[in-house]
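To keep things clear, I will list the structure first and then write my remarks on it.
The chains referred to below are lettered A, B, ... by the order of the sequence lines, with proteins before strands, and numbering in each begins at 1.
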There are 2 protein chains.
Amino acid sequence: MADQFYDPVIYPVQSGFRLSDEQHHHAIRVSRMVVGDRFWLADGRGTRSECVLTHASKKEAVAQVVSAAKVEPVWPCRLTVGIGLLKQPARLDWVIEKLTEMQVHRIVAIESSRTVKGNFRADRWEKLAVSAMNQSLGSWLPIIGFSHFEELPSLTGSNPSAWIAHEKRLESSENIRKVPVSEPEDIFVFFGPEGGWSEADLAFGTSNGWRALYLGPTRLRTETAVLVACSALFQQTIP
Amino acid sequence: MADQFYDPVIYPVQSGFRLSDEQHHHAIRVSRMVVGDRFWLADGRGTRSECVLTHASKKEAVAQVVSAAKVEPVWPCRLTVGIGLLKQPARLDWVIEKLTEMQVHRIVAIESSRTVKGNFRADRWEKLAVSAMNQSLGSWLPIIGFSHFEELPSLTGSNPSAWIAHEKRLESSENIRKVPVSEPEDIFVFFGPEGGWSEADLAFGTSNGWRALYLGPTRLRTETAVLVACSALFQQTIP
């Protein structure tokens, strides 16, 4: 199977474009590609191009685009997943990878009142996401960002589909099955850090129009809750 | 919050039971528990006991059961998840943890025709499962086992709910939403290794009454497919 590389912007050179240093290394050293070999190039925003290697040396590699296609997202909606930062940041690494494979639209690391330590590893997450996208031959890269909890309303606005996952079942709590993903709207789902949301967090959220989401009686870790909920939403997209 | 320990069999001593060496170490050294402190004890088969530490020394720790309760599984059915062994066994470590948090009934490591290298790490998985159960204060530990692919029919028998996840959509493929979890029956879902199932594997499965399961057009890694599918089933159990 042909390799896939990621490049948000390609640099045209005479009769083609130049591979980035990292791609150059990967293509020549790791995959031992030779002139004439084909590969995929994804821009992370839905364009996937088939390319052919036209020049390869120790110094640089040049390729030509054979054909390009726009790949539609698998989600009808745009799903933003907010995740409380964890004491053990490695627990989130895999979530980034899995959410990328599931092609969520955006991932926001959240610092809230109960955040023990804020480890927003932007570069690492970006790298993990690129690798996961290429590995799964996807064409969409999640937007990865950071937000203080109190600033989230500027993201959700008056959107009617903003959800805050809460371990206790409130009277107003909805089941994950009630979150609609079939409309082309923005959806926001926020997950707290280890200790969960504080009562103040919850009150702040509901006062901003967010709705409580209940994930069942079992005690799930943050990253498990994210995966369970997003997988449940993702499977709704399976035709 | 009180710690939870796991012990499938407790050893009665005069007026109580003796903690295992590992629990003893954890209780005294790690959690710095003192006589009078309470903790939970899970047997992994649904019994959860509240205990009180009655004796603690460098040599041993003794506790008494204050009360015991039977905790029902969250699943109406018994879900067995079969997973092809992977070249990078660490990719499955987290799956074990997550499936334990989701309280699946049984996890079977599968060696099949496309298995690159069989790394069934029974002890490690058992340890990860115990730790995940205790951490999430669950009372059920998945049964962890190994099977050659050809021997799986002896597990599924003539059970009508045995499924083989396949990346291509066959005419007979069902969506994950069609897998019923509401009956108190056994359900089996099998996931292939990196390269997927071979055509022969698939033919063998269907000849044994297994049904093809389709997880959508995105290319998911084995461990992601397991998580997406099991999370989708798990959310059906959320009341």
Side-chain angles (χ1 to χ4, degrees), chain A residues 1 4 71-75 90-95 97-104 131-140 165 167 169 173-179 194-195 213-239, chain B residues 1 4 71-75 90-91 93-95 97-104 131-140 165 167 169 173-179 194-196 213-239:
Chain A
M1 178 178 308
Q4 177 173 304
V71 183
E72 289 303 315
V74 294
W75 297 79
R91 292 212 155 262
L92 291 185
D93 287 355
W94 220 39
V95 174
E97 189 180 301
K98 296 312 153 214
L99 293 182
T100 304
E101 285 184 62
M102 285 185 224
Q103 302 187 3
V104 308
S131 166
M133 179 189 70
N134 287 336
Q135 174 71 29
S136 63
L137 301 183
S139 307
W140 291 88
E167 57 173 7
R169 183 175 207 149
S173 291
E174 283 285 10
N175 183 298
I176 185 79
R177 287 190 293 275
K178 294 292 171 59
V179 177
E194 285 95 346
L213 191 66
Y214 176 64
L215 294 175
T218 47
R219 194 172 93 147
L220 302 174
R221 291 183 181 182
T222 295
E223 75 275 11
T224 315
V226 173
L227 285 171
V228 164
C230 294
S231 297
L233 298 179
F234 178 72
Q235 62 93 16
Q236 286 190 44
T237 72
I238 301 173
Chain B
M1 178 178 309
Q4 176 174 304
V71 181
E72 290 301 315
V74 294
W75 296 79
R91 292 212 156 261
D93 287 356
W94 221 37
V95 173
E97 189 180 300
K98 295 312 155 215
L99 293 183
T100 303
E101 284 184 64
M102 286 185 223
Q103 302 188 4
V104 307
S131 166
M133 177 187 74
N134 287 336
Q135 174 71 30
S136 64
L137 300 183
S139 307
W140 292 89
E167 59 173 6
R169 183 175 206 149
S173 291
E174 283 286 10
N175 184 298
I176 185 79
R177 287 191 293 277
K178 294 292 170 62
V179 177
E194 284 95 349
L213 192 66
Y214 176 65
L215 295 174
T218 47
R219 194 171 93 147
L220 303 174
R221 292 185 180 180
T222 295
E223 75 275 11
T224 315
V226 174
L227 284 171
V228 164
C230 294
S231 296
L233 297 179
F234 179 72
Q235 62 94 15
Q236 286 191 43
T237 72
I238 301 173

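B:R221 places no side-chain N or O within donor-acceptor distance of the main-chain N or O of A:A132, the cut-off being under 3.5 Å.
Distance check, rounded to the nearest 0.5 Å: OG1 of B:T218 to CH2 of A:W75 gives 10.0 Å. Between the CD atom of B:E101 and the CD atom of A:E223 there is a distance of 6.5 Å, given to the nearest 0.5 Å. Taken from CE in B:M102 to CG in A:L227, the straight-line distance is 7.0 Å, to the nearest 0.5 Å. The CD atom of B:Q236 sits 13.0 Å away from the CD1 atom of A:I176 when rounded to the nearest 0.5 Å. Here CG of B:L233 is found 8.5 Å from CD of A:Q235. Values are rounded to the nearest 0.5 Å.
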Walk me through whether B:K98 and A:K98 qualify under side chain to side chain contact (heavy atoms under 4.5 Å, CB included). CA-CA 13 Å; B:K98 295 312 155 215; A:K98 296 312 153 214; over 6 Å; no

Test B:L220 against A:F234 for side chain to side chain contact (heavy atoms under 4.5 Å, CB included), laying out the working first. CA-CA 12 Å; B:L220 303 174; A:F234 178 72; 4.2 Å; yes

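Of the atoms belonging to A:V228, heavy atoms from both backbone and side chain fall under 4.5 Å from chain B. When heavy atoms are compared at a cutoff of 4.5 Å, A:R91 approaches chain B by way of both its backbone and its side chain.
Most heavy-atom pairs under 4.5 Å with chain A: of the set B:G138, B:G216, B:P217, this distinction falls to B:G216.
In terms of heavy-atom proximity, B:I238 sits nearest to A:R177 at O-NH2, 3.1 Å.
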